[in-house]
Each structure stands twice: as C-alpha cells, then as structure tokens.
Visitor: 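Starting off with a structure, shown below.
Index from 1, following the sequence.
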Amino acid sequence: MAELRHASSLGGRATPSPRKRDDVTSPLSSSSDTHLNDDDDGGRDRHPRDRFKSLFSNHYQLLDETARNNFKIFFFFVTLLAFAGLYSVYSLITHLSSGSYDPTIRIAILTTLAESFGSVMTSGTVGDLDGSSLELTFYLVNSRLKSNFESTFCNVSIAYAWLWLTGVEMWHMFIYSVYSVTSHLDQLVLLQITISCLGDSLVDIARVKSIGYFKRGNQEVNAPYLCTKDGITLHCPRVKETPSLWENPLSATTSWKSCAERRVGAISGLPEANETNGYIFIHAEGGLNQQRIAICNAVAVAKIMNATLILPVLKQDQIWKDQTKFEDIFDVDHFIDYLKDDVQIVRDIPSWFTDKSELFTSIRRTVKNIPKYAPAQFYIDNVLPRIKEKKIMALKPFVDRLGYDNVPQEINRLRCRVNYHALKFLPEIDEMANRLVERMRNRTDSPKPFMALHLRFEKGMVGLSFCDFVGTRAEKALMGLYRLKEWPRRFKDGSHLWPLALQKRKEGRCPLEPGEVAVMLRAMGYPKETQIYVASGQVYGGQNRMAPLRNMFPNLVTKEELTTKDELDGFRKHVTSLAALDFLVCLKSDVFVMTHGGNFAKLIIGARRYMGHRQKSIKPDKGLLSKSLGDPYMGWATFVEDVVITHQTRTGLPEATFPNYDIWENPLTPCMCKA
C-alpha cells in the first residue's frame, strides 16, 4: 500500500515521454518553421519506423494503379511462401522429434535433405547423383542420427534454409524429380523432398522412398510396409488412403507375400525309409485348434530328429468330450503327400510292432520330461538317443513342447507349411463353410461384407477367468460354487478373488461381455445394419446377456440360424466338425473380431495375415475398454476418439514376429517374404 501511495503521489508530477513531446508542435513556432527544420535534419530526429513508412509511402505513390495491384499480389505471395517455409521446418521438427516415425523414415528425410544440399553446393543445380557419394552421405547421416540427433537436424535445417535463401527453384526441382523417377530408374534415384513447402509432404515423400520406389541397377531396393514396436505401442506407416471399416491399407497388402509353401520341383533331402532314426507317436490333446498346433509341432520335431511320424491321434478332451479321429476332420492323403519331401509320415503303427497297447500305457515307451518351449537341441540330445534305442517312442504330453526362437528358421517355416498348406479340412466341411459364407454375404438385396465375431463368453471361460462380471447375487453365488467344484485349489475360500478380479480387469485379462463388444464396435463406426456371424458356444447368461449386443446389431446370426437341421446333422457327430465350420467362416469373413485370447483367435489372425494382411482382424485393447467404460465422466465423443485411435494399429497389420512369441498369430518373419 505504501508503494501504491508513493506512485500516486508521483503521478501528478510525471512528465510526458520524449516521443510525445516531440510530436506536439510548440505554440511559439510556425508551421513553416517546422517543415524547414525537418528538411534541414533529413528526418534524423524521427523514429526509424516513421522514416521507413515515409520512404515506402513515397515509392508506393510513384506507382500507377496496375503496378500497385501487381505489387500487392507479389507481396502476398512472398509472405505466403515465407510462412510456408517456416511451417515446413516447424512441421519437420515436430514429426522427427515426436518419434512417431521409425528410424528408416527419419533417415530417409535427413539423407535427402543432405543430398540436396550437397548437390547444389557443388554444382549450383540439381543434377544426377552419384551412388557412392550418396551411400557415404547416408552412412554419415545415419551415424550422426545415432550419436547426435540434434546436431544432425541443425545441419540439415541450415541446408534447407540455404536452399530457400539462395533462390533454388522449387518447382524446377519437382519437375526434375518426376523426370528422374520416370526416365532414370536404372540409377539410385532419391526423391527431392525439398520441393515441398509443407512438413507433412516431406514425410510422405520420404515414405515413398522408404517403401521401394527406386532401383539400383536391376536390383530393387525395398523397405515394405512394416509396423514397428516401441515397448507395447505399435507404430505403423501413415498412408494416403481413406480409412476403411472393412480392409487394411492397400500398401500393407502389397508389401508381403506368403513363402512357406512347398517348393515345386525341389529335390527331397529325406533319407530312405530304412534309414530313419525311428518312429514317434503323439497324442494331440485339447480342442481342435490346440490339436492343430500339436500336429504342426509333431511334424517339426520329426524333421529335427530325422524320424518317421505316425499319424497323430486326436485325444479325447475332458471338456470337449469328443472321439474324433484325424481322418474325420482332415484330408489325410493330402497331408501325407504335401509333406512327402519334408517328413516321412505313416498312417498307422508299423506291423512289426505287435504290442500296440504298450505305446499308450507303458512308461518305457514314453518320453515325459520334455519342458515347455524346448529348443531343437533338447530333442537331439535327450529324445533322439531313446528313439534310436527303442525304435518307437510316444511323446507325452505334447502341448507347447517346441520353442520358436530356439529352433532353426527352416523349422518354423515347416510349421507354417503344415498349418497353412498341408492341414486341409475334409471337402464336405469346406463346402459347407463356403455355403455359410455365401449366405452371410447375400442376406440382403445386394451382396455386402460381413463380420465374424468370436465371442468367448461360455460358462467355462467365465469361470476359468476368475473375473467379476455384472450379474445378480444369485448368479455370482452359483458361479462361486462352480469355480469351487472345477478349480478347488485356485478358489480356496474365494476371499482373495475380488482384488485379483479387479486387477485382471484393469490389465485387460478378462473376456469382453457382449454389451462391451457392442459399444466398442459402434465406437469404431460399424453401423446398426452390419451383418455379424457369431462363432461361440452357449453364452453364459443366455439371451439376457446377449440382449445389448442384439439391440445394437440386430443382424446377428449363428450357423444354426443360417442352416437347416438336416444340413448340420451330418456334422453333429463330432464337436470338432462344428468348430471347423466356425473356423472357416471366420477365416473367410471380411472382418474378424476376437474378444479374448485363445488358440482359435490366434490361428485365425495368423492365417489372415499369411493370406496377405488385406482382411481386418481386430484385437481389442481390453485394458483401454475397461478404463474407459469404468470412467463415469467420459463422454461418448472422447470414448469414440480413444477407441478409433487405439485400434488403428490393432487390425492385423504387418509387423515383425515378436521375439519369444509364437508364430501362430504372426507368421511374418519366418514364413513371409517381401512382395
């Protein structure tokens, strides 16, 4: 307050500023004297801004009306270009520093800028580029990028500014670049990204370079569409295509091709039948898809040990309770014939081995100590000697008994060959599945795409998950009794399950409820009229639990609703036959949506990737959905934005097979090649 009073007391004695005093004409001097003084001092006492305005005004007044208009237009374009140049630098800094593009893209941008700068510095024009000097530039920029990104970008920014200030004709560079690409494809042609005034265009052109639109001699230099992982976040190349609800970007589908099929005309490297190291026999346990994985692994193990594989037995599962044989589901003749150059396979136990029951019961004929995800060397060191000694051995149990990163790539490629080419369902199963697909597409007046939804919300899955779900007290009490009966050791008294259930839901490890699936699909943009094929068992909670999903998507059907009773009777003898129908319909659908992990969804997503990545395979981010749906303050618009952005990269796009991860969901690295 004292300071305020002091300031107010001084305010009455404050003098005007010198600028103000100079502007005020003295009453003692005439106007003519004032002008005379101005002329005499040449305007030196005036503010510099006033002198500039006076000079600009004097020159502007000398121009005629047409020249003035031209000057305005010229000044407008100069200003616009200046702002565009500044924005391009700003946008480039933003894109490169944000880390949203993989190092290949960033290196491509920096390399092109450095190359453009060097070309202009040496010749004053943009001319043909020497390949060796460009390789040196690439190496230097790459090494600088790894050691000191800020220094590299500073140098490149100076190069870009130098090009701008020295008046390099940007559109001439553009025309030259197009000419180079079209008429000099025999050289290493790099697009001149300095033609662009917008940072986004810089990044896009660099991406064109990165996906292989240039050649060196007769050899194509390709860097195809590939998503890269940063921790748990997947970064995918940005494309110009309009996002589609039903298909992945075209560039993702034209970059990779399957290459695990049998090589036509290849010479078999198999020894004669009498030179085999012995016979191996396995029980393929579990449901249809777990059995499928076991069969693929059995072929691979037989190849590793140079042994003969006896046709696997599909063991009855305590949940599935099915007595299906291999020949009831798969085409045995095709299976044996397709793999004849890889592994020797026989239909039955050799006749010279008389005591066949011993193979199922005797511990002397069983290898039981195989660890999960065992390396190839384990079989060579520990299993092969016993096979050579006994001639016939059973491997039991045989679920996930072969690793992925600890076996040769050729073995993984063989597993893909078995899974995607050798294991074919019987013709009648395949034919019935094709009829179901055709009926799904033609349920309306005109053919339309359809979605397949693998809804894993059966009673067994709900119980095994030990998650908490919406329901009455009576329902939860009955579920507690069911869990106590089926999994008594895990259930105990149930007191510890509530915090465990909350943690699992937060981490996204709980199956999605039908209502949650409906909200997610609507947020993604799928309309109410979407045709949805539901592949599932009996949903826990029945029609009441399915009501939210049916209300939001009324065109919801199952195979039972698409067929007559007589059509399905032939498949009801084996539960795995019905599962095979669901498998094929999901495989051939336009969009596949999983709701929880498992071998079924894993194999479907992997097969659709192997078929070319074109078809969307949506893997929900259940952690995000749990967090968003549990937030009472989150609005619909915010929820939609979160869901759309998060799931842009969760549609089965190309990505390298993750280390220590099975190849069934993502077979790209061992089983696919650049297209």
Visitor: Would you name the heavy atoms of I532 and M440 that are closest together and state the gap between them?
Guide: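 What the structure gives for the nearest pair is C-CE, 3.9 Å.
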
Visitor: Go through L339 and V418 one step at a time and tell me if the side-chain contact (heavy atoms from CB on, under 4.5 Å) criterion holds.
Guide: CA-CA 8 Å; L339 297 172; V418 178; 3.9 Å; yes

Visitor: Tell me whether E516 is salt-bridged to R505, with the criterion being a basic N under 4.0 Å from an acidic carboxylate O.
Guide: yes

Visitor: With sequence neighbours left out, which residue pairs that include part of residues 625-643 fulfil the side chain to side chain donor-acceptor pair (under 3.5 Å) condition?
Guide: none

Visitor: Do you know which two heavy atoms are closest between A579 and F600, and how far apart they sit?
Guide: O-CE1, 4.2 Å

Visitor: Determine the sole option in V399, L603, D662 for which the side chain to side chain contact (heavy atoms under 4.5 Å, CB included) test with I293 is passed.
Guide: L603

Visitor: Are any side-chain N or O atoms of D400 and backbone N or O atoms of K372, one a donor and one an acceptor, separated by less than 3.5 Å?
Guide: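 Judged by distance alone, no pair lies under 3.5 Å.
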
Visitor: Answer yes or no: is there a donor N or O on one side and an acceptor on the other, between the side chain of Q503 and the main chain of L500, under 3.5 Å?
Guide: no

Visitor: Can you confirm whether F639 sits close enough to V519 that some side-chain heavy atom of one is under 4.5 Å from a side-chain heavy atom of the other?
Guide: yes

Visitor: If we ignore hydrogens and angles and just use 3.5 Å, is the side chain of R483 paired with the main-chain N or O of G463 as donor and acceptor?
Guide: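 Indeed, once roles are kept as given, a pair shorter than 3.5 Å links the two residues.
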
Visitor: Please name the residue in the list R614, Q531, R441 that meets the side chain to side chain contact (heavy atoms under 4.5 Å, CB included) test with D590.
Guide: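 Of the listed residues R614, Q531, R441, the side chain to side chain contact (heavy atoms under 4.5 Å, CB included) partner of D590 is R441.
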
Visitor: Do R522 and F553 form a cation-pi contact, if we require the NZ or CZ to be under 6.0 Å from the six-membered ring centre and within 45 degrees of the ring's axis?
Guide: yes

Visitor: Between F450 and W246, is the ring centroid distance below 6.0 Å?
Guide: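 Ring centres of W246 and F450 not closer than 6.0 Å.
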
Visitor: Does the T657 side chain pair with the main chain of N666, one donor and one acceptor, at a distance under 3.5 Å?
Guide: yes

Visitor: Can you tell me which residue pairs pass the side chain to side chain donor-acceptor pair (under 3.5 Å) test with a partner in residues 536-547, sequence neighbours excluded?
Guide: E513-R545

Visitor: Are L653 and L234 packed together at the side-chain level, in the sense that at least one heavy-atom pair is separated by less than 4.5 angstrom?
Guide: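 When only atoms from C-beta onward are counted, L234 and L653 do not touch, as no gap falls below 4.5 Å.
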
Visitor: Please name all residues satisfying disulfide bond (SG atoms under 2.5 Å apart) with C671, sequence neighbours left out, ordered by chain then number.
Guide: C416

Visitor: Taking side chain to side chain donor-acceptor pair (under 3.5 Å) as the cut-off, I'd like each qualifying pair that reaches into residues 448-461, sequence neighbours left out, listed once.
Guide: none

Visitor: Is the NZ or CZ atom of K424 both under 6.0 Å from the centre of the six-membered ring of F330 and within 45° of that ring's axis?
Guide: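 The answer is no, since K424 fails at least one limit relative to F330.
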
Visitor: Ion pair present between E285 and R292, side-chain N to carboxylate O less than 4.0 angstrom?
Guide: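 No.
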
Visitor: Going by an N to O cut-off under 4.0 Å, is there a salt bridge joining D430 and R435?
Guide: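 Result for this pair is no, no salt bridge flagged.
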
Visitor: I'd like to know whether Y533 forms a side-chain contact (heavy atoms from CB on, under 4.5 Å) with V437, so could you lay out the CA-CA distance, the side-chain angles of the two residues, the decisive distance to 0.1 Å, and finally the verdict.
Guide: CA-CA 9 Å; Y533 177 90; V437 171; over 6 Å; no

Visitor: Taking the side chain as every heavy atom from C-beta outward, state whether E655 and K229 have any atom pair closer than 4.5 Å.
Guide: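 A side-chain contact exists here, since the closest heavy-atom pair is under 4.5 Å.
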
Visitor: What pair of heavy atoms forms the shortest contact from R608 to K616, and how long is it?
Guide: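 The answer is NH2-O, 2.7 Å.
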
Visitor: With sequence neighbours left out, write down each residue that passes side chain to side chain contact (heavy atoms under 4.5 Å, CB included) with C259, or none if nothing qualifies.
Guide: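 In terms of side chain to side chain contact (heavy atoms under 4.5 Å, CB included), with neighbours along the sequence ignored, C259 is linked to C673.
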
Visitor: Compare every heavy atom of F571 with every heavy atom of L581, then report the nearest pair and how far apart it is.
Guide: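 Between these two residues, the closest heavy atoms are CD1-CG, 4.2 Å.
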
Visitor: Hey, could you give me each pair passing side chain to side chain donor-acceptor pair (under 3.5 Å) that has a residue in residues 325-334? Not counting sequence neighbours.
Guide: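 For residues 325-334, and leaving out neighbouring residues, the side chain to side chain donor-acceptor pair (under 3.5 Å) pairs sorted by first residue read D333-R347.
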
Visitor: Looking at every non-hydrogen atom in both residues, tell me the closest pair between A300 and R415 and how far apart they are.
Guide: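 Looking at all heavy atoms of both residues, the closest pair is CB-CG, 3.8 Å.
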
Visitor: Under the 3.5 angstrom rule, does the side chain of K504 hit a backbone N or O of S465 as a donor-acceptor pair?
Guide: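 At least one qualifying donor-acceptor pair exists.
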
Visitor: What do you reckon, is NZ of K506 surrounded by more than 12 foreign heavy atoms closer than 6.0 Å?
Guide: no

Visitor: Could you give me the CA-CA distance, side-chain angles and deciding distance for D621 and R650, then say whether side-chain contact (heavy atoms from CB on, under 4.5 Å) is met?
Guide: CA-CA 8 Å; D621 186 339; R650 301 179 70 90; 3.8 Å; yes

Visitor: Are R417 and D342 close enough for a salt bridge, meaning some N to O gap below 4.0 Å?
Guide: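 Result for this pair is yes, salt bridge flagged.
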
Visitor: With no hydrogens and no angle check, is any side-chain donor or acceptor of S255 less than 3.5 Å from a backbone partner on P224?
Guide: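 No; zero donor-acceptor contacts below 3.5 Å.
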
Visitor: Are side-chain N/O atoms of K588 and N434 paired as donor and acceptor at under 3.5 Å?
Guide: yes

Visitor: Evaluate side-chain contact (heavy atoms from CB on, under 4.5 Å) for C296 paired with L423, printing each intermediate quantity in order.
Guide: CA-CA 9 Å; C296 296; L423 278 176; 4.1 Å; yes

Visitor: Inspect the surroundings of CZ in R473 and state if more than 12 heavy atoms from other residues, nucleotides or ligands are less than 6.0 Å away.
Guide: no

Visitor: Compare every heavy atom of S589 with every heavy atom of Q615, then report the nearest pair and how far apart it is.
Guide: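 Where Q615 meets S589 most closely, the heavy atoms are NE2-O, 3.3 Å.
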
